[in-house]
Amino acid sequence: MVDRNQKVNIAVLVSGGGTNLQAILDACGSGIITSGEVRVVISNKAGAYGLERAKKAGIPAFCITRKEAGSQEAFEEQVIEKLEEHEIGLIVLAGFLSILSEEFTSRYDHRIVNIHPSLIPSFCGSGYYGLKVHEAALAKGVKVTGATVHYVNEIPDGGEIIMQKAVEVKEGDTPEVLQRRVMEQAEWVIFPKTIEAVCAKILREKE
Ligand code: GRF
């Protein structure tokens, strides 16, 4: 949905540290994102630092866990309630580690974006998350990796690709070092840019 100032209301879903969330919030502040505004942050993990980042930025932040909800269905219902309450037009998965059901992803077709820390279709899909992605890239010996922003459908990391950026793998890289370089050079750069492009597209479609 579009608010009165012609911005798309964005929800960011996190599970952890939220450095991508921070990059998005900074991009809203610096004018890289002008077509959307973060209205709510939801974590599926209690104590996720992303919730603190949201609070510091004055954004409503909630924790909804599958365990407390009782089932995936109940969890998603509670998330949907929050999304509707905040009239959300774009859902951003920023290090959100729970797989969403097909009911959920089809309800928000082309309204959910995710960032994955590799060049899809390499090192993606079920089981490839966090450091595991970079461990796999190093084990394979690739010389270039990167990040991908894509729409989310029912297949993990399988939705339409929107933007990618390559990052060099260097001699002696550890998974941690590579993860940091991919974040700095790719994720924090292309995620805000993609979000702006997708929000602008949503606004154009409303005209
Ligand atoms: C990032 O590497 C992102 O690509 C992946 O999970 C990590 C989340 O990091 N989906 P953060 O919580 O944004 O710091």
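Numbering of ligands and ligand atoms starts at 1, following listing order.
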Worksheet item: Is the NZ or CZ atom of Lys140 both under 6.0 Å from the centre of the six-membered ring of Phe123 and within 45° of that ring's axis?
Response: no

Protein neighbours of ligand 1 with a heavy atom under 4.0 Å, given by chain and number, are Gly17, Gly18, Thr19, Asn20, Gly95, Ile115, Pro117, Met183, Glu187

- Query: Taking 4.0 angstrom as the limit, do Glu68 and Lys45 come out as a salt bridge?
  - Reply: no

The complete set of salt bridge (Lys or Arg N to Asp or Glu O under 4.0 Å) pairs with one or both residues in residues 181-199, sequence neighbours excluded, reads Asp173-Arg181, Arg180-Glu184

- Asn44 side chain to Thr65 side chain, donor-acceptor N/O pair below 3.5 angstrom: no

Parallel, tilted or perpendicular: ring planes of Phe75 versus Phe96, cut at 30 and 60 degrees: parallel

If hydrophobic clusters are built by linking Ile, Leu, Val, Met, Phe, Trp and Tyr wherever their side-chain heavy atoms come under 4.5 Å apart, do Ile24 and Val182 end up in the same one? no

